[in-house]
Engineer: 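Starting off with a structure, shown below.
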Amino acid sequence: MIVLGIESTCDETGCAIVRNGIEILSNVVASQIDLHDTYGGVVPELACRRHVDVIIPIIQRALEEANLSLRDVDLISVAHGPGLIGALLIGLNTAKALSLALKKPLIGVNHVEAHLYAALMPHLQAMPFPSLGVVLSGGHTALVLVKGIGDYQLIGQTIDDAIGEAYDKVAKMMGLPYPGGPHIEQLAKEGDANRYPFRPGQIKNHPYNMSFSGLKTAVLYAVKGVGGRQEKAAPEQDKPHIAASFQEAALGGVVSRAIRAAEEHGCHSLVFGGGVTNNRRLRALVSDSAPHLSAYWPSKGLELDNAAMIAGLGYHTYLRRGADTLALEAVTRIGW
Ligand code: KG4
Ligand code: ZN
């Protein structure tokens with residue numbers, strides 16, 4: 001089955017062609033980093049305009065690279081949430097138009113679930129379920145018990161910022177470009193993670209929930225000084241130490257919870273998804289602190305938002321529950 005996937009939940013426009021949920025024939029992504037860099041974050045109105053401009057050429061390129069035409073497509077899969085409403089509508093309405101014109105079935109998938117699928121994709125036959133899923137992206141941070149594709153139980157999640165969002169905001173405070181994650185990671189390499197006593201947030205009576213806003217404020221006070229008092233601001237040469245201390249607190253809090261949750265729920269593996277999985281310190285922390293658990297990471301090129309994970313997951317979702325109708329709606333939030 002040839003699946004055409006469409007991704008437009010935030011600031012990447014993607015189209016991919018995937019055979020039988022696993023074989024990626026093409027995976028084209030147009031990033032909008034240049035557009036949002038000046039603002040230090042995604043501007044929804046600008047994101048939507050860019051999606052409209054590029055979505056058709058991106059679909060054409062994905063077909064060309066796969067050496068296929070629209071007639072060869074058996075299923076249209078689209079991320080119908082969660083995400084920015086305007087951005088979602090552009091991908092969803094394009095998918096509906098294709099489905100209607102080609103008389104091919106339409107399936108809507110959950111973008112966050114697809115991030116986990118990006119790591120499961122090559123291992124599905126031999127995957128030891130249950131696995132503890134760890135979503136670490138710019139919009140979501142969650143621990144999820146994965147009993148199989150489409151069978152999940154939420155274990156914990158952030159109650160405020162997502163971890164990637166915290167990276168981006170901390171980077172902005174330090175005058176680093178958007179998106180900030182890779183820049184913080186780079187700066188942290190030269191820093192001492194023990195220099196600043198930052199701590200990950202704890203939520204009373206919810207050991208698996210997470211919070212990053214207190215940590216972000218602690219970094220703000222360190223960078224700018226308490227109450228904006230210049231004399232209390234950290235000296236320029238401390239920035240690598242701040243980056244390293246922030247990173248260790250943010251990643252450490254997630255990794256320790258993920259390991260505890262995996263042990264409590266009888267999981268022998270961890271499966272990671274989302275843009276923050278690009279971070280090498282995260283991967284080292286996981287292999288150092290959980291040698292007894294197998295860790296599954298997204299294949300190269302599938303860490304950040306992409307449509308291959310949407311097409312791949314769409315295949316399984318369609319086989320499990322059949323097609324959606326053209327009444328499928330864009331949803332800004334989806335529960336587990
Ligand atoms: O999964 P993704 O592409 O988008 C969402 O679905 O949100 O993730 C983007 C996020 C951004 O916040 C970015 O700063 C973060 O992933 N990121 C990183 C790294 N590379 C990307 N965070 C930490 N370290 C990195 N190397
Ligand atoms: Zn994403």
Side-chain angles (χ1 to χ4, degrees), residues 82 110 112-113 115-120 127-147 151-170 181 184-185 188 193-194 196-219 244-298 303 334-336:
N110 175 343
V112 184
E113 183 186 348
H115 269 305
L116 291 177
Y117 184 77
L120 295 172
M127 189 64 202
F129 291 119
S131 182
L132 202 284
V134 188
V135 181
L136 301 171
S137 78
H140 302 90
T141 303
L143 302 178
V144 186
L145 185 63
V146 184
K147 300 174 200 167
D151 190 0
Y152 312 98
Q153 181 189 327
L154 180 69
I155 304 293
Q157 62 188 330
T158 178
I159 59 157
D160 40 57
D161 290 356
I163 186 168
E165 189 182 355
Y167 263 94
D168 295 339
K169 288 180 177 166
V170 163
I184 294 285
E185 179 181 13
N194 296 315
Y196 282 80
F198 299 144
R199 295 274 167 272
Q202 308 261 16
I203 319 305
K204 211 171 160 201
N205 300 326
H206 290 280
Y208 294 125
N209 277 353
M210 295 157 269
S211 161
F212 296 96
S213 80
L215 174 61
K216 192 182 65 187
T217 308
V219 174
S245 305
F246 158 77
Q247 172 161 276
E248 218 57 22
L251 297 180
V254 173
V255 170
S256 61
R257 281 175 177 78
I259 295 170
R260 235 183 314 136
E263 288 166 350
E264 191 183 316
H265 290 89
C267 302
H268 299 291
S269 62
L270 299 170
V271 51
F272 290 87
V276 181
T277 62
N278 263 324
N279 190 291
R280 295 293 131 180
R281 179 61 195 141
L282 168 68
R283 297 193 183 207
L285 209 55
V286 170
S287 59
D288 290 350
S289 26
H292 57 300
L293 299 172
S294 323
Y296 294 85
W297 300 95
E303 298 95 341
I334 304 182
W336 287 91

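These figures come from a predicted structure and were not determined experimentally.
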Engineer: State which residues pass salt bridge (Lys or Arg N to Asp or Glu O under 4.0 Å) with Glu248; sequence neighbours excluded, sorted by chain then number.
Structural biologist: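 Partners of Glu248 by the salt bridge (Lys or Arg N to Asp or Glu O under 4.0 Å) criterion, ordered by chain and then number, come out as Arg281.
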Engineer: Specify the closest pair of heavy atoms between Val112 and Pro82, including all atoms of both residues, with the distance to one decimal.
Structural biologist: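 In this case the closest contact between Val112 and Pro82 is CG2-CG, 3.6 Å.
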Engineer: Can you find a pair of side-chain heavy atoms, one from Ile163 and one from Phe212, that are under 4.5 Å apart?
Structural biologist: yes
Engineer: Looking only at non-hydrogen atoms, find the nearest pair between Thr158 and Asp160 and report the distance.
Structural biologist: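 Result for this residue pair: OG1-N, 3.2 Å.
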Engineer: Taking all atoms of both residues into account, what is the closest heavy-atom pair of Ser211 and Ile203, and its distance?
Structural biologist: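 For Ser211 and Ile203, the tightest heavy-atom pair comes out as CB-CD1, 3.6 Å.
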Engineer: Compute the ring centroids of Phe246 and Tyr167, then answer whether they are less than 6.0 Å apart.
Structural biologist: yes
Engineer: Kindly indicate whether the side chain of Trp297, heavy atoms from C-beta on, has any atom under 4.5 Å from the side chain of Leu282.
Structural biologist: yes
Engineer: Is it the case that Ser131 and Ser269 place a side-chain donor and acceptor less than 3.5 Å from each other?
Structural biologist: yes
Engineer: List, one per line, each side-chain donor-acceptor pair under 3.5 Å for residues 260-267, sequence neighbours excluded.
Structural biologist:
residue : atom : partner : partner atom : Å
Glu263  : OE2  : His292  : NE2          : 2.8
Glu264  : OE1  : Tyr208  : OH           : 2.6
His265  : ND1  : Ala261  : O            : 3.0

Engineer: Of the non-hydrogen atoms in Gly335 and Asn110, which two are nearest, and what is the gap between them?
Structural biologist: O-ND2, 4.5 Å
Engineer: State, to 0.1 Å, how close Ser137 and Ala162 come at their nearest heavy-atom pair, and which atoms those are.
Structural biologist: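 Smallest heavy-atom distance, with atoms named: O-CB, 3.6 Å.
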Engineer: Drop me the distance from Leu132's CG to Phe272's CZ, to the nearest 0.5 angstrom.
Structural biologist: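 Interatomic distance, Leu132 CG to Phe272 CZ, rounded to 0.5 Å: 8.5 Å.
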Engineer: Only pairs under 3.5 Å count here: list side-chain donor-acceptor contacts from residues 251-259, not counting sequence neighbours, and write none if there are none.
Structural biologist:
residue : atom : partner : partner atom : Å
Ser256  : OG   : Gly252  : O            : 3.1
Ser256  : OG   : Gly253  : O            : 3.3
Arg257  : NE   : Pro207  : O            : 3.2
Arg257  : NE   : Asn209  : O            : 3.0
Arg257  : NH1  : Gly253  : O            : 3.0
Arg257  : NH2  : Gly201  : O            : 2.9

Engineer: Is there a donor-acceptor contact under 3.5 Å linking the side chains of Asn279 and Gln247?
Structural biologist: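 Note: Asn279 and Gln247 side chains meet the donor-acceptor criterion.
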Engineer: Does Arg283 use its side chain to pair, donor to acceptor, with the backbone of Thr277 at less than 3.5 Å?
Structural biologist: yes
Engineer: How many angstroms lie between NZ in Lys204 and NE2 in His206, if you round to the nearest 0.5 Å?
Structural biologist: 11.0 Å
Engineer: What distance separates Lys169 NZ from Asp161 CG, expressed to the nearest 0.5 Å?
Structural biologist: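 Rounded to the nearest 0.5 Å, the NZ-CG separation comes out at 4.0 Å.
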Engineer: Considering non-hydrogen atoms only, spot the tightest contact between Ala119 and Pro298 and give its length.
Structural biologist: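 Between these two residues, the closest heavy atoms are CB-N, 3.6 Å.
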Engineer: Look up atom CG in Leu270 and atom CG in Leu293, then write down how far apart they are to the nearest 0.5 Å.
Structural biologist: 5.0 Å
Engineer: Rounded to the nearest 0.5 Å, what separates atom CD in Glu165 from atom OG in Ser213?
Structural biologist: 10.0 Å
Engineer: Could you go through Val146 and Phe129, starting from their C-alpha distance and side-chain angles, then the distance that decides it, and tell me whether this counts as side-chain contact (heavy atoms from CB on, under 4.5 Å)?
Structural biologist: CA-CA 7 Å; Val146 184; Phe129 291 119; 3.7 Å; yes
Engineer: OG1 of Thr141 to CD1 of Ile159: how many Å apart, nearest 0.5 Å?
Structural biologist: 12.0 Å
